[in-house]
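Below is one structure; the comments refer to it alone.
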Amino acid sequence: MTTKPLLEVNGLKKYFDIKGGVFGRKVGEVKAVDDVSFKVMKGEIVGIVGESGCGKSTTGKSILRLIEPTEGEVKFEDKDITNLSFEEMRKLRKDMQIIFQDPYASLNPRHTVEKIVGEPLLVHGMNSADDRKKKVRELLEVVGLREYHASRYPHQFSGGQRQRIGIARALANNPKMIICDEPVSALDVSVQSQILNLMEELRTEFNLTYVFIAHDLSVVKHISDRVGVMYLGRMVEMTTKEKLFEDPKHPYTQALMSAVPVPDPDAKKERVILQGDVPSPSNPPSGCAFHTRCPRVMDVCKEVRPEFREIEDEHYVACHLYE
Amino acid sequence: MSDVILELNELHTHFFTDDGEIPAVDGVSFNVHKGEVVGIVGESGCGKSVTSLSIMQLVPSPPGRIVSGEINYKNENLAKASEKRMRKIRGNEIAMIFQEPMTSLNPLFTIGNQLNEAILFHEKVSKKQARKRSIEMLDLVGIPRSNEVIDDYPHQLSGGMRQRVMIAMAMACNPEVLIADEPTTALDVTIQAQILDLMRDLNKEKDTSIILITHDLGVVAEICERVIVMYSGQVVEEGTVRDILKDPQHPYSQGLIRSLPKIHETEQKLYSIPGTVPKPGMNMKGCRFAPRCPHAFDRCFQEDPELYSIAEGRYSRCFLHDSEEGGIRDDYETTIRS
Amino acid sequence: MEKVNSPLKDTLKQLSKNKFALVGFFIIIFFLLLGLSAPLIAPEGFNNQSLGDRLTPPSAEYWFGTDHLGRDIFNRIVYGARISMMVGFFAVTGALIFGTILGILSGYFGKWVDQLISRIFDILLAFPSILLAIAVVAILGSSLQNALIAIAIINIPIFGRLIRSKVISLREEEFIMAAKAQGMKNGRIILHHILPNSLAPIIVQATLSFGTAILEAAALGFLGLGAQPPTPEWGKMLADSRDFIQLAPWTLIFPGVSIMLVVLGFNLVGDGLRDALDPKMKN
Amino acid sequence: MFAYTMRRLLMLIPVLIGMTLLTFSIVHLIPGNPAQVILGEQASEQEILNLQETMGLNEPYVVQYFLYVGDLLQGDLGTSLRSKAEISNEIVPYIIATFELTFFAMLFAIFVGVNAGIISAWKQNTWFDFLAMLFALVGVSMPIFWLALMEQLVFAQELGWLPAYGRQNSRDPIATITGFYVLDSLIHLDFPRAFTVLKHLVLPSIALGTIPMAIIARMTRSSMLEVMRSDYIRTVRAKGSGQFLVIYKHALKNATIPVLTVIGLQTGVLLGGAILTETIFSWPGIGRYIFDAINYRDYPVIQSGILVIAFIFVIINLVVDLLYAFIDPRIKY
Amino acid sequence: ACSGDGGANDDEGTDEGDTSEDTSEDTDSEDTDSEDTDSSEGEAAAGDNVLVYARGGDSESLDPSSTTDGESSRVTKQIYESLLEFEDESFDLKAGLANDWSVNDDGTVYTFQLEEGVTFHDGTDFNADAVKTNFERWSDPEHEYAFTEDNYVYSMYGTMFGGFKGDEGHVIEEINVKGDYEIEFVLNRPLGYFLQNMAMSYFAITSPAALEEHGASINENPVGTGPFKFESWSRDDSIVLNAFEDYRVDGQPKLDQVIFQVIPDNSARLTALRSGDIDVMDGLNPDDAQIIEEEEGFDLYVRKANNFGYLGLNTEKEPLDNKQVRQAINHAVDRQAIADALYAGYAQPAKNPLPPNYLGYNDEVEGYEYDPEKAKELLEEAGYGDGVEIELWTMPVARPYMPDPETVAEIIQNNLSDVGITAEIVREEWAPYLEKTAAGEQEMFMLGWSGTNGDPDYFLSALLHGDNAGSSNRTFYQNDEVDQLLDEAKVSVDQDERADLYMQAQELISEDSPMVTLVHSEPVLAASSDVVNYVPHPSTSESLAEVELDR
Ligand SMILES: Nc1ncnc2c1ncn2[C@@H]1O[C@H](COP(=O)(O)OP(=O)(O)OP(=O)(O)O)[C@@H](O)[C@H]1O
Ligand SMILES: Nc1ncnc2c1ncn2[C@@H]1O[C@H](COP(=O)(O)OP(=O)(O)OP(=O)(O)O)[C@@H](O)[C@H]1O
Ligand SMILES: [Mg+2]
Ligand SMILES: [Mg+2]
């Protein structure tokens, strides 16, 4: 693992406008991502976990500028990509890919697998149909599909197979980094492991870097090198997976881990059941966003937003407990 | 063990579609005891929901229909019960909550209106009393400001709150059996923990039997006593939680459990069951799991295995348990459950 | 071995199972053939006046009777089939082309483009369609061709809106996001991803609009604003025969039934298509 | 709710401006000199020139447009060239006549359509469903003027059951109070007359209402089917509810929303269809008013008539939108 | 369906219904509160003596002078009267509001003795001042009752009297009130049809008091001296007129009430008649005449022809500038076929551009037989033996003289193709049609002319005088001889002399054949046999004062 970051996210923000009122003007904003910073080293897998709606996908899509970030800087190979022109960005997409959560929605239902996987090749300059055909076969092989699958349509595949097609498409132009937005959460358990294994294999084979988004802690833990935990649009903790799972610092991380049901009847664990609901990102609590549910809340938490700081080596936490 | 309150016997529920007949539930048998929490696990499409809907006689019809089999509830075969009788039972004796708290409440009526209904259908009480009861139920499931929430519309509540409302609604008439079809799948883990906690409490307090349908073995481990594993419309294994999770017998269950990433252990490579879940209605000869099974042999592709009883309250649908095959546990007597 | 079907084939298969749709399909084919072979069926043409045989009831010689100029109504209906088919075809194609272009522009690019186009649609849709058609014909003058243009115009916002909403919902789809993530250009996304996926509702709407276009043309013809004599347009035939309703009801019954049948045919097929294309309708 | 209403009202403004522009330009794009039409083939050139002058047709279009809008804002729709009367006064009885007709047509369409739709959905795939839907399809396939003529042929001419024209018995005209003849008869406590008036309404209402009825039936059916499949209906049933309550309380209210849209849009069909039906049934409504005006090139009347119909249509759709918000608590702004 | 036995309130009801002559105060007071009692009145009226007259369109205006619309004069004819009247079935003159009249020798001074003791419906007196006020109102755009600002136009006045006050052609120099009941018109030149004009329903006298009172809404509140007074008007539906008790002729009107009902659809109107909902229907479809004739209880009426439809031949356009071609076309058109096909025989093939019963109608003119062979010969001679293509312009609207122009065009097209002329049917909207035909853009075109004052000048000068080329003369026919004959006839007050001049003109015109005179249509009407004394007038409006119902 090199020490050079492939991707650097600094102070990323994405606010969605809420329209309403008499004139359909902006009446508020959803702070989907609110000041998130992290680095991803070359060849590394960084997992991001968090509950639904905490801004994981928005982070992922903002990095690729599939939605325009409101603020912040995204550096890819030391180049700030937030200001690239449409055409420059389009070229860069060769190197940065994404795999989506929903294997049903992310493939164009009217295209054959051949076309789905071949299209990125075409738009990035592989004009010969024969070359493309060959490459598509190769890619299908790589993701564990057969050659004859190429002429089929997405609806003729199972969820796992579809996800393989999505992966093949992402791999088409030999990207350097892939953002995986919950690639296995829609899959059946028995198929999930197939995909996770495949992704690990590919990573070594193609020397890929993943940003792996998931809400399932065990999956993230299984695959990632480092893990970030998000809550209400903010990164609350980030460190290597060993440290995180052995010694979670942030009270939210602790609660999250205790809440994950473990398929082991003997696992005796101390349960921290959080009270209340996740607040709305359109109206996040002041100070630390978690203070409304935090079992260890202090006065300062309500006022001051804790800084996301490195409190130990490679262990970042945003919590007043560690100041 | 206490008395059996609900017993399914060779239940067959089929869908008659343009593409042919789909045996979504294909001979399912199991029973539920008073005050027990039974989990049904299985992958998507294996027939869990259809099984539970069949019990309630709520299978969408057309195209679905209970083709044969018995659903014995307190010595009454619900499969043959009239719609009128079922109306008495639904909500009152057997209640059900569904996976999607977001869509399971009518968006155009207030929470109170929908809760009252559950009470008014079955009890001769005034509207006022019903409302009072409704507020109590909301309190019971831990909804704060219950007397305000009762006049809210569903869209004003969060997913977790709605699922609580659903539970309150189901519990309103103190049912004997509560069927929960993936009640937490759509919820976040922290909220899921709250809901599971709640269900556990209700089960303890009211002694309600719960059938909990889920595909998450973790959830099963959290609250179930007994587990039924389904695959492709059939029960493939049954046993206590500990039996199933620690000592699975059916190759499918084994594979399923091995393929889970473990949060407290680190392993390099996950086990994975090869192949995919068969599409219902496809060629059904032999054991449904045979094409993906590492132990499969010729017979598995020819004959349908039966549900072998391999120990007290322990069943598995695999020829490996057949004494003729010299199965892995041939010391157990292999009686066949009807 | 699993059969490999394209979505199109699936749809057609689905459609062929729908008996209503089949009936509709045959009705359309019947009238289409009737129109195409008009010169064979009625070599003497549609304007063969024989004033001596005015208003004769249906008979072996005149299957559908004759009109007030002694013309064979059957012949006129046969030729009228051509006109109706043509009206439907051109009006729908016109509306389709412009509606699709505007709808896509508006839906895909949003912002002021969307505002502008949507407002125009709003305004056009604020007028009951037949009134708008009458207005357009009043400007352009009464003729079949102008009626056709009017019908196309009133259908543009219908297609435009439909496509706009489809595009907007597609724009949020993950596979469009995926296409963008692949580095595709807008033109390609529109042509290869958005358009083919908007096709289903467009086809359904086009089929149904075919029927309404025929009805609208007939209405304009009936008001004297559409086809001009001696064109055997069915609506116009009805208008011309209005005064003979007591004396010679057949002059009204046959053209009316013809209109109804053709339109019914398109509605049956359109309905069938909708069911075939909409997975929610599948059992 | 208030903000929503206001917003919907404000959204009307560009539409209304567009409407005035459109009606204004339609009328000025129509070829032919109105003065010529008014005076007819037997008029002299000088007369035509004089008339043109007095009618203000020599002003530039922009001036004419602003004069037009200025008058509109004061509720002045101009003067009919044909009758020389103030259109804003003259048009009222026509609108009322059309209202009465469309009201009954809509009543017929909604009552029959919604119930047929519900029963069809309830008895899905039975012979009732089959017939009702076939009937509905035939209904939308029928030219309404032809239906009107056939009704006249059968029920008025052959059978003589129902009157073929007008709003009332012509020997015995009503003393109008509101202009709604049914209402007026009831105010007079004249029930036989109310019955006669209703009889006059039957054929035109059916002719006009058939297409909306068919469309509403189909929409209700599919909307009901969809709602009946929804999770919350399953929830209601799981609570032990009976069919009736499921359908009429839970399902219908939800199914109403798309049906309402259709009803709103169908008023447009009704108002447009009025042109055809009103001429055939000699109904002195706004459709006929406009149609006669078109033949006469009575510019101000065409302009105002079309504008008024479009305005009514827009208002009805506004009301429908507000009804949504009333029915559906999720719509907040 | 007549819902009134009126058992409860027959006092009032029968009172009014039966004794229409006496107790005028009584009924007057009733009138004022007629709003309230209308339903009971309606029931009484719904008794026997109400005539329902159904027609295809509504009146435009009930101010007779400011409209040219026939449906308007049909109604105003009942409410108003002119100084003179036409005889029942012709355009011969008889006394109206003037019981005697005279003209000086050079035809420039007309003196009228007015009927005395006549009151308007509003109770004011009719006298010479009233007449003067009316004429001034029409002739002077500045007049306080001219209502020019409200778009009132007196086009018929302009046409008939050569323009308005101050115009060069305006023929009325001055109007002098000689006494309460004597009035004198001084003309600046003789006008052969001045008296005819005075009998036109357009020049009927309105109560000056009403003009004062109602102003520009006089068109909705007509007040005249006629047999019926205005009661109510619901537009495009019905106009109700009640009998005027003080009508100057004793014993008239015979009816208590007349209702003019609008039923645009011809067949619906017929149905209504057959079901007894109405008594008289105008605009019977000629094809349905047969039904009426055969059916018990209904009578068929034929209105005398007062119009003619023609196929104009633009004499300035090639090949129509060739007389032989024009004659050939005249021979090619089968007028009888048109009369039969379109009017079911209720039309006469026309040979002159003048209706038959008119002054000076020349029956000697031979006209053109339907003779395709002859036509071909003529074409051959003219050098068009190989066929020729000519545009045929079709009017887009139905007119009384041409109820179905499209069909006629189709028939003509068929006829012409028989002789080798390919006619391409051209359609224009009505306004452009009129504009373009006046400008001479057309080749062959269809149009017609209806009479108003029953004078031949109105037909012949307008259509065929060279001075009118480019306005009402759309064939651009120019024959100095004809022009001279027409000019002479126009200023002569000797009717025999006039007749002679017109006959000569017709000869010339027929020879030149600038138009194919097609047919004189004879509109048919139907009425229930209960209707007695109903006489349709060629001008389309007739007084119903003498009509009775015999039920
Ligand atoms: N286009 C949008 N417009 C407005 N709000 C949006 C939009 N997209 C996302 N949001 C809001 O932003 C917040 C974060 O959404 P995001 O999809 O990033 O969450 P997530 O962590 O990926 O959740 P999940 O696990 O459900 O995928 C949510 O509250 C969501 O409602
Ligand atoms: N309405 C229906 N029409 C046709 N087939 C159906 C219908 N509902 C269910 N099925 C079939 O029955 C089978 C079992 O469905 P069921 O909903 O019980 O699965 P499940 O185990 O609950 O899955 P999940 O975990 O996805 O909820 C499915 O494979 C499906 O094909
Ligand atoms: Mg997400
Ligand atoms: Mg399920």
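Order of the sequence lines fixes the chain letters, A, B, ..., with proteins taken first and strands second; residue numbering starts at 1 for each chain.
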Would you find more than 12 non-hydrogen atoms of other residues, nucleotides or ligands less than 6.0 Å from [X] atom [atom1]?
X        : atom1 : result
C:Phe98  : CZ    : no
C:Gln145 : CD    : no
C:Phe89  : CZ    : no
C:Phe20  : CZ    : yes

Quick one: pull up CG in C:Leu170 and CG in A:Asn108 and give me the separation to the nearest 0.5 Å.
-> 8.5 Å
Quick one: what part of [X] sits under 4.5 Å from any heavy atom of chain C, side chain, backbone, both or neither?
X        : result
A:Arg65  : neither
A:Lys94  : neither
A:Met96  : backbone
A:Lys115 : side chain

For side-chain contact (heavy atoms from CB on, under 4.5 Å), just list the numbers for C:Met177 and A:Ile98, CA-CA rounded to whole Å, side-chain angles, deciding distance to a tenth of an Å, and then say yes or no.
-> CA-CA 10 Å; C:Met177 190 73 93; A:Ile98 182 164; over 6 Å; no
Heavy-atom pair with the smallest gap, counting every atom of [X] and [Y]:
X        : Y        : value
A:Arg110 : C:Ala200 : NH2-CB, 4.4 Å
A:Ser106 : C:Ala178 : O-CB, 4.0 Å
A:Phe86  : C:Met184 : CZ-O, 4.3 Å
C:Gly183 : A:Val123 : O-CG2, 4.1 Å

Check: C:Arg188 and A:Leu122 side chains under 4.5 Å, non-hydrogen atoms | yes
Of all of A:Asp102, A:Leu64, A:Thr112, A:Ile99, which one pairs up most often with chain C through heavy atoms under 4.5 Å apart?
-> A:Asp102
Hey, is the main chain of C:Gln182 close enough, under 3.5 Å, to the side chain of A:Arg93 for a donor-acceptor pair?
-> no
Side chain of A:His111, backbone of C:His193: donor and acceptor closer than 3.5 Å?
-> no
Just give me the residue among C:Ala181, C:Ala179, C:Pro196 that pairs up with chain A most often, heavy atom to heavy atom, under 4.5 Å.
-> C:Ala181
